[in-house]
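One structure is given here, and the rest of the page talks about it.
Throughout, a chain's letter reflects where its sequence line sits, starting with A, and its residues are numbered from 1.
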Amino acid sequence: MRRVLEGRELHKSYGAVQALKGVSLRVAQGEVVGIIGPNGAGKSTLLALLAGGTRPTRGRVTFLGSDITGWPAHRVCRLGLARTFQYPRPLASLSVLENVMVGAFARLGPLAVRQAREAAHACLQRVGLADAAGATAGELCAADRKRLELARALATGPRLLLLDELMAGLTPREVKDAMGLLLELRQDGLTLVLVEHVMEAVMAMCDRLVVLDSGCKLCEGPPARVGRDQAVIRTYLGEAYAGG
Amino acid sequence: MGERERGVGAHPAARRGPPPWTAMTGRRAGALASKALGAAGLALGAALAVLPLVSPSPYLSHLFATFWLWAAMSQAWNLVGGYAGQFSLGHAAFFGAGAYAAALAWTNGLGAAAGTALAGLAGAVLALPVGWLCFRLRGAYFVLSTLAAAEVVRLCALNLRGITGGAVGILLPPLSGGQRAACALGLALFGLATLTSALVRGARLGYRLRALREDEDAAEAAGVPALKSKLWALSLSGGLCGLAGALFCAQTSYIDPGSVFSLADVSIPAALGALLGGWGALWGPPAGAGGVVLVAEAMRVLLGRAHGLAYGLLLVLTVLLVPQGFCGLLAARRRAAGGEAGAGRP
């Protein structure tokens, strides 16, 4: 299958702290890849390097054949790689619809307000937030903020979505909804990379898992195999998921 | 009607569900009231706009010329300071650059229109390097850097004596048509500034600027080119300030670096109008500028030399008591009363 995103030997240091020590990652078209690992393993750092705006200390990132290492986030976004943030970042004083319109404008001309509004409505419908279109984004509840985060990213028309702990803090019911939505997106041809702690979701959805620990890649493979890996069980999973 | 009527629908708690009937009628009454208010405001504005143009009093014309000038400046400032949330205290740089461009063009024999166009261009072009440097910084550092940029431009004007005449300044023949002409030109400039602001607000740039104001990183991740958007805003803003500088130059017939590059007399009033009236809203800045000009004038008449002190105190009190500006206050009350009216949201 066609490779859409690749990170090669990515290093990132913040002063004396090495957050990432040479991690490589390949994502193929249409794949769902999960990045898991204990807190401080470097998952969010890896995501930041892939999404642009943060330059790796060493290593390269390529997306759809372009070397995007150190590109500003907005250029990466317009190339087709959108992200959500771990802690949702609504544009608080704007309405929910306006939030999503900002994303839709990534692919629209300076005066295409009507098209942006329509595209935003479609995205809100998709994530189940259409009823709240007129609400002020800062007043949404936590689960709706996550929905908004996803809608804004979707509105930018991505080929690949980076989702940073989309399901953290959701109720089991909401996790199920979110999983259904992500599977739908995948059927539409979107490639997904998720950083996630909710293991039910990760195990059920991902084609491949990448396990990080202390800035290094601990192991990589299909969920069933990773779930049996002794090192992964020891450092992260615990016995509950042993045996996949 | 108004307050009480609208009060009926005061708590449409379910924003998502269909609102109860009381809320519907309340909202309709609120919409009607706000429409009537808007029409009344428009009529009042039109009367105010025409009055000084036909009145024989040069004082009234002068007062209104000043008002339109600062209303336009506040409107221009609002593009950057209000929509994009980039609190600039360096707008005197563009104002002064425009004033000098116009003065030099006019004293060197260029026509009125050519000089004015040059002034706008000077402001718009100067905004690019200033923005390119200052937009690297955020928050208080950005404010300080804009202050410094304006100071650098002032020092250039002061020391490039061969071109600007230095501290001596430039004396121009008085504007033909007097204060009444200045007032008409001021009105035209204000119209242009308001039109620009309305267009920006409704277009992609307006959405992007407001997104940047709320959260620059999130906006960038959603495809907003932060630097480019801010430079557009600052350049449009600088161009309008340049035109305002040309008008000031024509109105006063004399400029020097101290007056047109002044922090206290140019940069701060431009920002204050928008802050007092309600930053981010379309009609906030001119309303605030009106307050600033009128209060300053009244204080000068009533208190003589103590006017600066009283004026300052009044400003401090307003900023402390009405931090979102008067239009912001009105919008908040309207929102609280009529549910998601949404109009005038900053």
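Here Ala73(A) is the residue among Ala155(A), Gly52(A), Ala73(A) with the most heavy-atom pairs under 4.5 Å with chain B. Considering only heavy-atom pairs separated by less than 4.5 Å from chain A, the leading option among Leu205(B), Leu227(B), Val224(B), Leu199(B) is Val224(B).
Around atom CH2 of Trp71(A), more than 12 heavy atoms belonging to other residues, nucleotides or ligands sit under 6.0 Å away.
Note that CZ of Arg75(A) is 11.5 Å distant from CD of Glu220(B), once rounded to the nearest 0.5 Å. For the atom pair CD of Glu214(B) and CD of Glu98(A), the computed distance is 10.0 Å after rounding to the nearest 0.5 Å.
Residues of residues 103-121 of chain A having a heavy atom under 4.5 Å from any heavy atom of chain B, listed by number: Gly103(A), Phe105(A), Ala106(A), Leu108(A), Gly109(A), Pro110(A), Leu111(A), Val113(A), Arg117(A). Of residues 156-190 of chain A, those residues with a non-hydrogen atom less than 4.5 Å from any non-hydrogen atom of chain B are, in numerical order, Thr156(A).
Scanning all heavy atoms of the two residues, the minimum distance from Cys77(A) to Ala221(B) falls at SG-O, 3.4 Å. Counting all heavy atoms, side chain and backbone alike, Leu94(A) lies closest to Ala211(B) at CD2-N, 4.4 Å.
Arg58(A) pairs by the salt bridge (charged side-chain N to carboxylate O under 4.0 Å, His left out) definition with nothing, not counting sequence neighbours. With sequence neighbours excluded, no residue forms a salt bridge (charged side-chain N to carboxylate O under 4.0 Å, His left out) with Arg204(B).
Looking at Arg78(A), only its side chain comes within 4.5 Å of chain B, counting heavy atoms on both sides. Of the atoms belonging to Ala92(A), heavy atoms from both backbone and side chain fall under 4.5 Å from chain B.
No side-chain N or O of Ser93(A) forms a donor-acceptor pair with one of Arg210(B) less than 3.5 Å apart.
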